[in-house]
There are 2 protein chains.
Amino acid sequence: MENILTQVGKKLRDRDYKLTPQREEILRVLIENQDKHLSAEEILGLVKEKAPEVGLATVYRTLEILYSMGLVHCMDFGDGRKRYEFELLDKKAHQHHHLICLKCGRIEEIEEDLLEELEREVYKSKGFTVTNHQLKIYGFCQECAPKKKEGEI
Amino acid sequence: MENILTQVGKKLRDRDYKLTPQREEILRVLIENQDKHLSAEEILGLVKEKAPEVGLATVYRTLEILYSMGLVHCMDFGDGRKRYEFELLDKKAHQHHHLICLKCGRIEEIEEDLLEELEREVYKSKGFTVTNHQLKIYGFCQECAPKKKEGEI
DNA sequence: GTAAGTGCAAATGGTTTGCATCGAA
DNA sequence: TTCGATGCAAACCATTTGCACTTAC
């Protein structure tokens with residue numbers, strides 16, 4: 001973890017970005033919450049626990065940089081805010097997908113990547129070169145499944 | 001087409017919604033552009049060609065109703081605005097996916113639904129009941145593919 | 001020392017809402 | 001006639017930006 005932070009710090013400097021205390025805090029929060037899907041505001045909340053003076057704009061600016069370096073993924077579950085997830089340096093091909101419960105809103109991850117076949121097909125039939133994909137699966141989680149009456153979305 | 005409009009009108013009245021001229025115009029635009037992915041503002045633009053007095057709020061309110069009735073799909077390609085697509089009444093299981101070009105922004109649709117197997121697996125291993133899914137495939141379209149140097153997103 | 005980074009507050013832009021008015025049933 | 005629907009403008013809210021100040025290098 002301290003290790004990861006050092007690696008990322010080096011990556012930043014390679015790109016002529018400074019490693020400021022604020023960026024370090026934000027990175028720490030992201031690294032400690034790799035399994036969550038934090039919004040910018042949520043990240044700020046966690047950062048402020050240790051560094052109360054940090055501003056929201058800095059969070060956004062840092063996320064922007066990390067995103068452009070491929071160090072965070074950005075996703076949108078339709079609740080009006082973007083959510084961010086730190087991406088380990090060496091897991092280049094790590095493609096995970098999300099199960100989104102329409103009742104309780106819980107988001108679960110699944111690791112399988114069963115889409116390589118589909119990607120090959122898309123390339124063959126459309127000439128489209130795939131660099132990434134995003135699969136969201138909507139439905140009802142185990143707890144909510146029996147009660148799924150109301151919405152017929 | 002006139003036919004579809006009548007069907008939808010009936011559906012609306014079944015739910016105690018009125019079929020106003022504004023809603024009719026909005027529906028017409030949606031039906032005539034089923035293959036596009038229009039934003040609310042774009043829909044308004046097309047509606048205004050025939051009914052210049054319609055307001056943006058009405059478009060949003062109508063889309064909200066149609067969405068709640070499952071008559072339009074809503075999607076987000078990450079450009080900060082939601083995009084809407086009319087869904088034919090009888091095509092309940094119509095699952096199409098999107099190829100999004102990172103260079104020119106063009107969005108292509110693919111019809112194949114190769115995810116049924118994955119859905120079954122998700123149910124078995126997680127107890128998650130799938131009602132819908134959304135697959136976005138990012139990459140470079142045929143025209144942009146050779147030039148894909150710069151971003152390494 | 002200096003350009004990059006920061007915090008704050010103001011601006012932006014898509015979407016929503018309050019309200020007085022209008023009109024479909 | 002009546003309550004839902006509309007248009008307008010204001011409100012909202014996540015994100016971005018301008019700017020004077022600070023700081024990592």
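The figures here come from the full heavy-atom set of this structure, side chains too, leaving out hydrogens, waters and symmetry mates. Reminder, nothing fancy here: chain letters follow the sequence lines and each chain counts from 1.
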K.L.:
Tell me which residues in residues 43-54 of chain B lie within less than 4.0 Å of DNA chain D, going by non-hydrogen atoms.
P.N.:
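Listed by number, they are Glu53(B), Val54(B).
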K.L.:
Tell me every residue that passes salt bridge (Lys or Arg N to Asp or Glu O under 4.0 Å) with Arg83(B), counting only those two or more places apart in sequence or in another chain.
P.N.:
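With sequence neighbours excluded, Arg83(B) shows a salt bridge (Lys or Arg N to Asp or Glu O under 4.0 Å) to Glu42(B), Asp79(B), given in chain and number order.
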K.L.:
At under 4.0 Å between heavy atoms, what does Arg61(A) touch on the DNA or RNA strands: base, sugar-phosphate, or nothing?
P.N.:
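Base contact.
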K.L.:
With a cut-off of 6.0 Å (strictly less than), are more than 12 heavy atoms of other residues, nucleotides or ligands near OH of Tyr138(A)?
P.N.:
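Above 12, so yes.
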K.L.:
Can you list everything that forms a salt bridge (Lys or Arg N to Asp or Glu O under 4.0 Å) with Arg106(B)? Sequence neighbours excluded, please.
P.N.:
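If we apply the salt bridge (Lys or Arg N to Asp or Glu O under 4.0 Å) test to Arg106(B), skipping adjacent residues, the hits are Glu143(B).
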K.L.:
Tell me what Leu19(A) touches on the nucleic acid: a base, only sugar-phosphate, or nothing, going by heavy atoms under 4.0 Å.
P.N.:
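The answer is sugar-phosphate, as Leu19(A) gets under 4.0 Å only of primed atoms, P, OP1 or OP2.
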K.L.:
Of all residues at least two apart in sequence or in a different chain, which pass the side chain to side chain donor-acceptor pair (under 3.5 Å) check with Asn33(B)?
P.N.:
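Applying side chain to side chain donor-acceptor pair (under 3.5 Å) to Asn33(B) gives Lys36(B).
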K.L.:
Arg23(B) or Ala40(A): which one's nearest nucleotide on DNA chain D is closer to the 5' end?
P.N.:
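In this pair, the answer is Arg23(B).
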K.L.:
Between Phe128(A) and Ile110(B), is any pair of side-chain heavy atoms under 4.5 Å apart?
P.N.:
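SC-SC contact between Phe128(A) and Ile110(B) ruled out.
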K.L.:
Output yes when Arg28(A) and Glu32(A) qualify as a salt bridge under the 4.0 Å nitrogen-oxygen rule, no when they do not.
P.N.:
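A salt bridge links Arg28(A) with Glu32(A).
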K.L.:
Mapping Glu41(B) and Lys18(B) to their closest nucleotides on DNA chain C, which lands nearer the 5' end?
P.N.:
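Closest to the 5' end, via its nearest nucleotide, is Glu41(B).
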K.L.:
Going 5' to 3' along DNA chain D, between which two nucleotides do contacts with chain A fall, using a heavy-atom cut-off of 4.0 Å?
P.N.:
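So the contact region on DNA chain D extends dA14(D) to dC25(D).
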K.L.:
So that I know where these two stand, are His133(B) and His97(B) an aromatic pair - ring centroids less than 6.0 Å apart?
P.N.:
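For His133(B) and His97(B), the ring centres are under 6.0 Å apart.
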K.L.:
Below 4.0 angstrom, which residues in residues 74-84 of chain B have at least one non-hydrogen atom near DNA chain C?
P.N.:
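Here the set is Gly80(B), Arg81(B), Lys82(B).
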K.L.:
Any non-hydrogen side-chain atom of Val72(B) less than 4.5 Å from a side-chain atom of Glu85(B)?
P.N.:
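With C-beta onward as the side chain, the pair stays apart.
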K.L.:
Tyr60(A): what forms a side-chain contact (heavy atoms from CB on, under 4.5 Å) with it, not counting sequence neighbours?
P.N.:
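Ala40(A), Leu56(A), Tyr84(A).
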K.L.:
Once rounded to the nearest 0.5 Å, what's the spacing between atom CG of Leu71(A) and atom CG of Leu30(A)?
P.N.:
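Atom-to-atom, Leu71(A):CG and Leu30(A):CG are 10.0 Å apart.
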K.L.:
If you walk 5' to 3' along DNA chain C, what is the first nucleotide with an atom under 4.0 Å of a heavy atom in chain B, and what is the last?
P.N.:
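The contacted stretch runs from dG14(C) to dA25(C).
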K.L.:
May I ask you to test the Gln134(B)-Leu135(A) pair for a side-chain heavy-atom distance under 4.5 Å?
P.N.:
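No, too far: nothing below the 4.5 Å cut-off.
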K.L.:
Quick one: are Val8(B) and Phe86(B) in side-chain contact, heavy atoms under 4.5 Å?
P.N.:
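Yes; the side chains approach each other to less than 4.5 Å.
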K.L.:
Of all residues at least two apart in sequence or in a different chain, which pass the side-chain contact (heavy atoms from CB on, under 4.5 Å) check with Gln22(B)?
P.N.:
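Gln22(B): side-chain contact (heavy atoms from CB on, under 4.5 Å) contacts with Thr20(B), Val54(B), Thr58(B).
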K.L.:
When the C1' atoms of the five terminal pairs at each end define the local axes, what inter-axis angle does the helix from dG1(C)-dC25(D) to dA25(C)-dT1(D) show, to 10 degrees?
P.N.:
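So the angle between the two local helix axes works out to 30°.
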K.L.:
Using salt bridge (Lys or Arg N to Asp or Glu O under 4.0 Å) as the criterion, list what pairs up with Glu108(B), not counting sequence neighbours.
P.N.:
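Salt bridge (Lys or Arg N to Asp or Glu O under 4.0 Å) check on Glu108(B) returns Lys126(A).
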K.L.:
Applying ring pair (Phe, Tyr, Trp, His ring centres under 6.0 Å), name anything that partners Phe77(A), two or more places apart in sequence or on another chain.
P.N.:
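Ring pair (Phe, Tyr, Trp, His ring centres under 6.0 Å) check on Phe77(A) returns His37(A), His98(A).
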